[in-house]
Structures are given as structure tokens and as C-alpha cells.
Novice: 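Dropping a structure here in C-alpha cells format, bear with me for questions.
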2 protein chains.
Amino acid sequence: MTSPRAVTHPAREEIRLEEVLHALADPVRLHVVRQLAAEGTEMNCSCIDLPVTKSTSTHHFRVLRESGVIRQTYRGTAKMNALRRDALESLFPGLLDAVLSAAGHQAARDAAHR
Amino acid sequence: MTSPRAVTHPAREEIRLEEVLHALADPVRLHVVRQLAAEGTEMNCSCIDLPVTKSTSTHHFRVLRESGVIRQTYRGTAKMNALRRDALESLFPGLLDAVLSAAGHQAARDAAHR
DNA sequence: GTCGTAGTTTGACAGATGTCGTACTACGAT
DNA sequence: ATCGTAGTACGACATCTGTCAAACTACGAC
């Protein structure tokens with residue numbers, strides 16, 4: 001029997017490129033991923049503050065988890081989030097870093113001009 | 001006055017990462033991009049055969065163009081499509097290649113196991 | 001001109017998506 | 001046992017998306 005707070009993740013081989021790209025294509029989710037990458041360690045949901053309500057956050061974190069981009073685990077009442085760097089790197093070498101670097105460049109451009 | 005067959009593209013600086021990722025997240029469009037990359041040169045719409053009707057093709061090519069992934073130009077009645085490699089590379093270095101390589105790996109895996 | 005070919009436009013439609021508010025659940029602290 | 005906190009579930013909603021069919025437009029060839 002599964003514990004009341006079980007969380008299911010796709011196996012490494014089940015991760016699909018299209019779903020990963022779709023997950024990363026949303027501004028809110030891309031922001032989450034950038035923060036996770038910047039921290040390097042896992043973070044709980046609420047320490048990543050987002051311009052949306054709690055229920056919308058839950059939705060975005062689920063999309064990220066189900067697409068294989070993050071791994072979520074409970075630590076008491078907090079739900080910790082971590083990038084699945086190893087899985088993504090072995091499946092799609094260089095992809096995550098390319099997206100993160102692209103997002104960084106774009107953010108810099110946005111900040112610089114305007 | 002614009003010619004009857006004018007095509008508008010986003011300027012380089014207007015290309016947004018989120019839109020590019022969204023454009024690449026669709027299987028049909030990813031397939032188009034992979035073929036364009038494999039050929040290396042521009043191809044007309046109908047020589048890339050897709051499992052959808054003509055009107056759906058038009059839709060996908062427009063999404064790719066408006067997101068800045070491809071450039072379209074008329075050559076007689078044919079509409080030629082080319083990847084905007086230079087623009088993408090300067091904005092998001094390594095991104096397109098990472099996605100293409102990821103798509104290649106996934107295709108190889110799909111072909112191998114089943 | 002007339003015709004065929006390549007692609008567009010429009011309208012329709014079912015399904016997905018992002019968002020919210022409210023009610024709920026699980027856990028730790030007291 | 002009670003309470004507060006972190007997050008979930010559910011239902012609602014407007015919008016977006018991928019798809020098609022049918023009618024249309026622009027161009028080259030004849």
C-alpha cells in the first residue's frame with residue numbers, strides 16, 4: 001500500500017523530449033528551473049516564490065515532475081524539489097545547460113535594455 | 001504597399017526563448033526542424049511530408065516562423081523553409097544543436113527498443 | 001486566357017492549459 | 001488533542017492548441 005504522500009515520477013527511460021520542452025516552455029516553470037539550478041540543491045516549494053497562487057504552483061510543479069525535469073520528495077510537511085540533472089544529462093546531453101544558459105542570456109538582455 | 005505574398009518574421013531581438021521551446025515541443029514541428037537540419041539547405045513545405053493535412057501544415061510552419069525558428073520565403077509557388085541557425089545561435093548558443101542532438105538520441109532509442 | 005499546383009484562410013471542434021478560489025489533508029509543534 | 005503551516009484536490013473558467021474540411025489565392029506552364 002502506498003503511503004498517503006507518495007509521489008510518482010517517470011522512470012528515466014520514460015522521459016520524452018517533447019514533454020521536457022513543453023515543461024520548460026512556460027515562463028513560470030522556467031523560472032522555477034532556473035532557481036533550482038542556481039541553488040544547486042533541492043528547495044522546498046514555498047521558498048521559490050512565484051507570481052501565482054498556491055494551487056497554480058502545485059500544478060506547475062506537477063508538470064515539471066511528470067515530465068521528468070524535477071524530483072519531488074517530502075521532508076516533513078515541506079516538499080523538496082530537485083532538478084533531475086543526471087537523468088536529463090544522460091538522455092539529452094547538454095540540453096538542460098543550453099536551456100539554462102539561453103534563459104540567462106535572455107534575462108540579461110531583458111535587464112540591460114528597457 | 002506589401003506584395004500579396006509578403007511574409008513577416010520576428011526580428012532577431014524579438015525572438016523569445018519560451019516561444020522557441022514551445023515551437024519545438026510539438027512532435028510535428030520537431031520533425032520539421034529535424035528534417036531542415038538534416039538537409040542543411042532550405043526546403044519547400046511539401047517536400048517535408050507530414051502526417052497531417054495541408055492546413056495543419058500551414059499552421060505548424062507559421063508557429064515555427066513566428067517563434068523565429070525558421071525563415072520562409074517564396075520561390076515561385078513554392079514556399080521555402082530554412083532554419084534561422086545564425087539568429088538562434090547568437091541568441092541562445094548551443095540550444096538548437098542540443099535539441100537536435102537530443103531528438104536524435106531519442107529517435108535512436110525509440111528505434112532500438114521496441 | 002485556362003489549368004494545375006502549392007499553399008492560405010476561415011470556421012469549426014474537441015481537448016489541453018493556466019489560472020483562480022474554496023475546501024481539504026498530512027504533518028510538526030505546542 | 002489542537003492548531004498552524006505546507007501543499008493537494010476539485011471545480012470552474014477563459015484561452016490556447018492541434019486538427020480537419022472547404023473555399024480561396026497566387027503563381028507557373030500550357
Novice: Nearest to the A:Val52 side chain among D:dG7, C:dT8, C:dC20, which nucleotide is it?
Specialist: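 So the nucleotide nearest the side chain must be C:dC20.
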
Novice: Charged N to carboxylate O under 4.0 angstrom, B:Asp97 versus B:Arg85?
Specialist: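 B:Arg85 and B:Asp97: salt-bridged.
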
Novice: Quickly work out the B:Met80 CE to C:dG7 C1' distance and round it to whole Å.
Specialist: 14 Å

Novice: Under 4.0 Å between a side-chain N/O of A:Thr77 and OP1 or OP2 of D:dT5, yes or no?
Specialist: no

Novice: Rounded to whole Å, how long is the line connecting atom CG of A:Leu50 with atom P of C:dG18?
Specialist: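 From A:Leu50 CG to C:dG18 P: 13 Å.
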
Novice: Hey, what do you get for OG (B:Ser67) to CZ (B:Arg62), rounding to the nearest 0.5 Å?
Specialist: 12.0 Å

Novice: Within the structure, does a side-chain N or O atom of A:His60 lie under 4.0 Å from either OP1 or OP2 of C:dT19?
Specialist: yes

Novice: Please state whether the phosphate of C:dG7, meaning OP1 or OP2, lies under 4.0 angstrom from any side-chain nitrogen or oxygen of B:Thr58.
Specialist: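 The answer is no; no side-chain N or O of B:Thr58 sits under 4.0 Å from OP1 or OP2.
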
Novice: Does C:dC20 have its OP1 or OP2 closer than 4.0 Å to a side-chain nitrogen or oxygen of A:His59?
Specialist: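 Answer is no, no contact under 4.0 Å.
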
Novice: Rounded to the nearest Å, what distance is computed from the CZ atom of residue A:Phe61 to the C1' atom of nucleotide D:dA6?
Specialist: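 Those two atoms, CZ and C1', are 12 Å apart.
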
Novice: Please give, in whole Å, the distance from C:dT19 P to A:Arg29 CZ?
Specialist: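 Going from A:Arg29 (CZ) to C:dT19 (P), I get 8 Å.
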
Novice: Which one, C:dT9, D:dG18, D:dT8, comes nearest to the side chain of A:Tyr74?
Specialist: D:dT8

Novice: For D:dT17, does either OP1 or OP2 sit under 4.0 Å from a side-chain N or O belonging to B:His22?
Specialist: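 The answer is yes; a side-chain N or O of B:His22 sits under 4.0 Å from OP1 or OP2.
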
Novice: For the pair made of CG in A:Asp26 and P in D:dT17, what is the distance, rounded to whole Å?
Specialist: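 So the two atoms are 12 Å apart, to the nearest Å.
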
Novice: Nearest whole angstrom, please: distance from the P of C:dT17 to the CD of B:Glu19.
Specialist: 18 Å

Novice: At less than 4.0 Å, is any side-chain N or O atom of B:Lys54 found next to OP1 or OP2 of C:dT9? Yes or no.
Specialist: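 Result: no.
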
Novice: Considering just the side-chain nitrogens and oxygens of B:Arg75, establish if one lies under 4.0 Å of OP1 or OP2 belonging to D:dG28.
Specialist: no

Novice: Just by distance, do the side chain of B:Gln106 and the backbone of A:Arg16 share a donor-acceptor pair under 3.5 Å?
Specialist: no

Novice: Expressed in angstrom and rounded to an integer, what is the separation of A:Glu66 atom CD from D:dT8 atom P?
Specialist: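 Distance check: A:Glu66 CD to D:dT8 P gives 11 Å.
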
Novice: Could you tell me the separation between the CD1 atom of A:Ile70 and the P atom of D:dG7, rounded to a whole number of Å?
Specialist: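 To the nearest whole Å, that distance equals 12 Å.
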
Novice: If we only count heavy atoms from C-beta on, is the A:Val7 to A:Lys79 side-chain gap below 4.5 Å?
Specialist: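 Yes, at least one pair of side-chain atoms sits under 4.5 Å.
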
Novice: B:Val28 or A:Arg62: which one's nearest nucleotide on DNA chain D is closer to the 5' end?
Specialist: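 By nearest-heavy-atom nucleotide position, the 5'-most residue is A:Arg62.
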
Novice: Is there a donor-acceptor pair closer than 3.5 Å between any side-chain N or O of A:Arg29 and the backbone N or O of A:Leu24?
Specialist: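 Answer holds: no.
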
Novice: For the side chain of B:Ser55 and the base of D:dA21, is some donor closer than 3.5 Å to an acceptor across the two?
Specialist: yes

Novice: It should be established whether B:Thr56 places a side-chain nitrogen or oxygen under 4.0 Å from OP1 or OP2 of nucleotide D:dC20.
Specialist: yes

